[in-house]
Each structure stands twice: as C-alpha cells, then as structure tokens.
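Below you'll find the structure, written out as structure tokens, and then a few comments.
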Amino acid sequence: MKRRSFLGVAGAGVTSTALGGCGAPVRLAAPPEKLAAEARFPGMPQDCRVVLDGSDNRLFGRIALEASRREVAYVKRRGGTPGPVDYLAISGGGENGAFGAGLLTAWTQLGTRPEFKGVTGVSTGALTAPFAFLGPDYDKDLERVYTDTSTADVMTSRGLLVGLLGDSLFDSAPLLRLIRRFVTPALLAAIAREYTEKGRLLFVATANLDVPVGVLWNMGSIAASGHARAPELFARILLASASIPGILPPVMFDIEVGSERYQEMHVDGGTLAQVVLYPPSLGGDDLLKEAAAVNLPNIGMLLKRRRRLFIIRNARPGANQETVERSTIVIADRAVATLIQSQGLSDLYQLYVIAQRDRIDYNVAYIPESFTDKLKEPFDQAYMRRLYGVGRDEMLNGSPWQNVPPGFNPTPIHQMALDSQR
C-alpha cells in the first residue's frame, strides 16, 4: 500500500477527531516463551496453524501427508490415479491485488486454470486466496472485491494524534465488515469439503509481533472444525494478514495454556514475507519422519509426480524513479517502500531455491513495467480497475509466466568457458 497517501489522509483528520479515550489499548500478556509450544486456540484443532521458524516442520509434514492420503482415497473412489500437482502463492501488494484478480479471472476464461492442490496468500493475497482456492465459481466475488472497493470500505481515519497515541492511524472495522460479507457459511462449507474430501490445502500468513515470527494458518482445518467460532476466527485471520502495522490495528488472538489465558498480536503477513509456500527448512527428512505415522502407501509415487508452482507477485519488478524531497517523512516513506520492494524480490528468489531443491516447476507473474499509473488516493477504484484489466490482458494476450525470478540469468558463468572451447 502507498504509505505516503495514508499519512496525508491521517493528517487531514487531526482536527476532526476528539482526543478523549486515545490512550493505548490494553491487552493480555503474550504466552511465556517456555509455554508457547503448549498454547492452544479454544475449540480449534491442533493443526490449525504452523509457525514458520522451523519448529513446526514435522507438523507441516503431517498436514501435507494427511492431505495426500485423503487425496489418494478420493481419486481411488472415482477409479483414477493421482495426477500432477499445482500450487498457487499470492503475494501482498495492497491495491495491486487487482492485478492478480484480473489474471485469475482471465485464466478461467481461457479454460486452462488448474485446480490447485495448495494455495497460500499474504496480505492482499490472503483476501484473494479463498476465492482462488475455490475456483471459477467465485470469480465474480473476486472481481467485485478488487473493482468495487473504496477507501471507505477498508478503513476510517482516527486522526493523526489519536492514531499515534493508540495502536494505528486508521480503524479497520470497515474491512472486517467487508470480509464478513464474503466469508459466508457457503464459502466456509465449500473450503471444508475441499479440505476433508480432496485433501486440498489453503494457508494464509500473518506475522506474530510478540515473537516475532511468521505463521501459516490452516484455513481448511479451521473451516472444517465445525466450531461455532470458526467463521469469526477465519475472518479475523484474513483481517490480520492485511493489517499493515501502524496503519491498521493489530488483531489480537486469545489463546490458552492450561487454565491461563494469553493473547498474541498478529499483523500483516508481509511484515516478514511478501509471498510464501512452505518453510524453506522443511525437508525430506521431516516428511519421512511423519510418513510412518500417516501410513501412506506409495509415498514415493506421490512425491515423484510433476509439481508446478505459480506465483502471483502483485507488484512491478522495479520501483518508480522520482526526485525525493529532503523531508523526514518523505525520506522514511521512500526507504520503507524500497525495503518492501527488495524484500518481495528476495522472497521470489527464496521460492526459486525451494523449487529447484524440491524439483517443482517455477512460474512467476508480476505487473509489467509498462504499467506506470499512480494512485491518487488509497484504494483508488479507477486505478484498481485499470490494473485488473492489465492482469486480464497479460493472461489473455499470452502467457504471463516467467520461469525464473526477475533479474535472474539462469545461464551459469562457467558456461562461457565451455562455449569458448568449442
């Protein structure tokens, strides 16, 4: 998102907001580090989330293998055999999520869009992910989110002074209402069916600021739990993944350790990674340790299937050039935007390394350099509609996919020596 425009809107609201009740909100303590592994979310299954610091690699392996077991059983009941595997990872990018939305709906139109075995989403990608996971039947909802949404549908200003003394400059209540409008019982039931019957996986990433560490939430497990609070937890996870620290308030999650209650503070998943698939520390040894417990036959055959990763990077590969004013706020804003841009590129390279290691075909699409429009205000509908059209055009006019990250030359340097000897 464009932080400079956010600061401008917030500053404009200073005189219109009362100062009463503007102290920092209170919260419960985070669980002590020695008890963190025992923390549970009331009513939720133990596999409802995976911590991305390597400590939950075996848990992730168990989730993946159990999902494969369900997939095999589903295919066998229909007299078939498991086919190729496709994954989709959707990045953050705020309003730029319109690009990915356009790309996905055009992919449906072409008739070549696969049913993804696994979908991950970060920030705006988290808002896209449930629709992308469920497929073409939800394209209209996806289109509406990224072409009909305005600033008023996402946030309201608290005023600069109140925001600085509280936990964010803006209130995200409108965004939560928007999410709740789309997270219907029918949507949750559809995600639960795909998870329990076909073994398909949907993950959304947030950042736990108390540790800090990235967290992948197993949205299929939550949807299938049948717990009365599952719909609200599902919606609040999506909200947390899109809550930019300082701009939108963090989302507090209540957890239990024995009889004690604690809270975790979660914010935009892009705080730690712009796009994720699974922890890079997850390896074959973790899967092998869990294979016996799952008792999955023909695991070798499953792992040898052709696998493809599709990444939607809701950003241009390079930043716009501009003359930066000698102003503290402007310089800080430009530096943060540069850091986010660099982090996003690094994440694409990390996924490339994972794909090479695990023999997964790597495909990435990103906003073309030719798109140079600038936002006039946060969630500028005209901007998002144009970018939605760009995503559609990229898909309909030819393959938007590149098989290496931006700026990477796959020809090794030693190849030059070999060529010179011929």
Side-chain angles (χ1 to χ4, degrees), residues 52 84-94 96-97 99-100 102-104 107 112 114 116-125 128 132 203 205 214 269-284 306-321 334-372 387 390-391 393-395 397-422:
L52 295 175
V85 178
D86 293 303
Y87 307 106
L88 176 66
I90 314 169
S91 85
N96 288 342
F99 170 76
L103 189 149
L104 285 166
W107 205 350
T112 58
F116 299 104
K117 168 69 174 178
V119 176
T120 64
V122 178
S123 193
T124 194
T128 303
F203 289 101
T271 304
L272 293 169
Q274 290 294 307
V275 63
V276 297
L277 180 60
Y278 48 76
S281 57
L282 176 74
R306 183 186 180 187
R307 288 175 292 167
R308 298 186 298 179
L309 169 62
F310 295 93
I311 306 166
I312 298 176
R313 174 68 176 126
N314 290 305
R316 296 170 67 236
N320 295 323
Q321 181 177 344
R334 181 69 168 177
V336 170
T338 301
L339 178 62
I340 292 172
Q341 179 73 16
S342 176
Q343 176 202 35
L345 185 60
S346 296
D347 292 332
L348 295 182
Y349 276 78
Q350 182 184 80
L351 290 186
Y352 183 73
V353 172
I354 293 173
Q356 293 295 301
R357 182 195 68 184
D358 294 342
R359 298 180 181 178
I360 303 173
D361 294 342
Y362 179 96
N363 305 271
V364 60
Y366 40 82
I367 299 174
E369 293 278 8
S370 58
F371 183 79
T372 58
L387 188 52
V390 169
D393 290 343
E394 284 290 296
M395 179 60 74
N397 295 338
S399 176
W401 306 109
Q402 307 297 320
N403 59 12
V404 295
F408 181 76
N409 187 336
T411 304
I413 292 177
H414 71 260
Q415 186 67 42
M416 184 173 65
L418 296 175
D419 292 342
S420 66
Q421 295 173 7
R422 293 174 182 170

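Of the possible polar contacts, one joining the Asp347 side chain to the Gln274 backbone as a donor-acceptor pair under 3.5 Å is found. Counting only distance, with no hydrogens or angles, the side chain of Gln356 and the backbone of Leu351 share no donor-acceptor pair below 3.5 Å. Side-chain atoms of Asn314 come within 3.5 Å of backbone atoms of Ser91 as a donor-acceptor pair (strictly under, hydrogens ignored). Using a distance-only test at 3.5 Å, with no hydrogens or angles considered, no donor-acceptor pair links the side chain of Arg313 to the main chain of Gly93. Side-chain atoms of Tyr349 come within 3.5 Å of backbone N or O of Pro406 as a donor-acceptor pair. Within the 3.5 Å criterion, the main-chain N or O of Arg334 finds a donor-acceptor partner in the side chain of Thr338. A donor-acceptor pair is defined here as one N or O able to donate and one able to accept, closer than 3.5 Å; such a pair exists between the side chain of Asn409 and the backbone of Thr411. Judged by distance alone, with hydrogens and angles left aside, the side-chain atoms of Thr124 form a donor-acceptor pair with the main-chain N or O of Gly94 at under 3.5 Å.
Here the straight-line distance linking atom CZ of Arg316 with atom CD of Glu369 works out to 4.5 Å at 0.5 Å rounding. Between Asn403 atom CG and Phe408 atom CZ the span is 10.0 Å, to the nearest 0.5 Å. Ile360 contributes atom CD1, which lies 6.0 Å from atom CG of Leu277 (distance to the nearest 0.5 angstrom). Within the model, atoms CG of Leu282 and CG of Asp358 stand 7.5 Å from one another, a figure rounded to the nearest 0.5 Å. Remark: Ile354 CD1 to Tyr362 OH distance equals 10.0 Å, nearest 0.5 Å. The CZ atom of Phe99 lies 9.5 Å from the CG atom of Leu104; values are rounded to the nearest 0.5 Å.
Here the closest non-hydrogen pair linking Gly270 and Val122 is N-CG1, 3.3 Å. The heavy-atom pair separating Ile90 from Ala132 by the smallest distance is CD1-CB, 4.0 Å. In terms of heavy atoms, Gly214 sits closest to Leu272 at N-CD1, 3.1 Å. Residues Thr271 and Gln343 approach most closely at O-NE2, 3.7 Å, considering heavy atoms. In terms of heavy atoms, Pro280 sits closest to Arg357 at O-NH1, 2.9 Å.
The closest side-chain heavy-atom distance from Leu103 to Pro400 is below 4.5 Å. Side chains of Glu394 and Pro368 form a contact here, defined as non-hydrogen atoms less than 4.5 Å apart.
No hydrogens or angles considered: nothing links the side chains of Tyr87 and Asn363 as a donor-acceptor pair under 3.5 Å.
Applying the ring-ring contact (aromatic ring centres under 6.0 Å, His included) rule to Tyr366 yields no partners; only residues at least two apart in sequence or on another chain are considered. When the side chain to side chain donor-acceptor pair (under 3.5 Å) test is applied to Arg308, the partners found at least two apart in sequence or on another chain are Asp86.
Ion pairing between Arg306 and Asp361 holds under the 4.0 Å rule for side-chain N and carboxylate O.
Ring geometry for Trp107 versus Trp401: interplanar angle of 30 to 60°, hence tilted.
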Candidate pair Asn96 and Leu387, rule side chain to side chain contact (heavy atoms under 4.5 Å, CB included), full reasoning: CA-CA 7 Å; Asn96 288 342; Leu387 188 52; 3.3 Å; yes
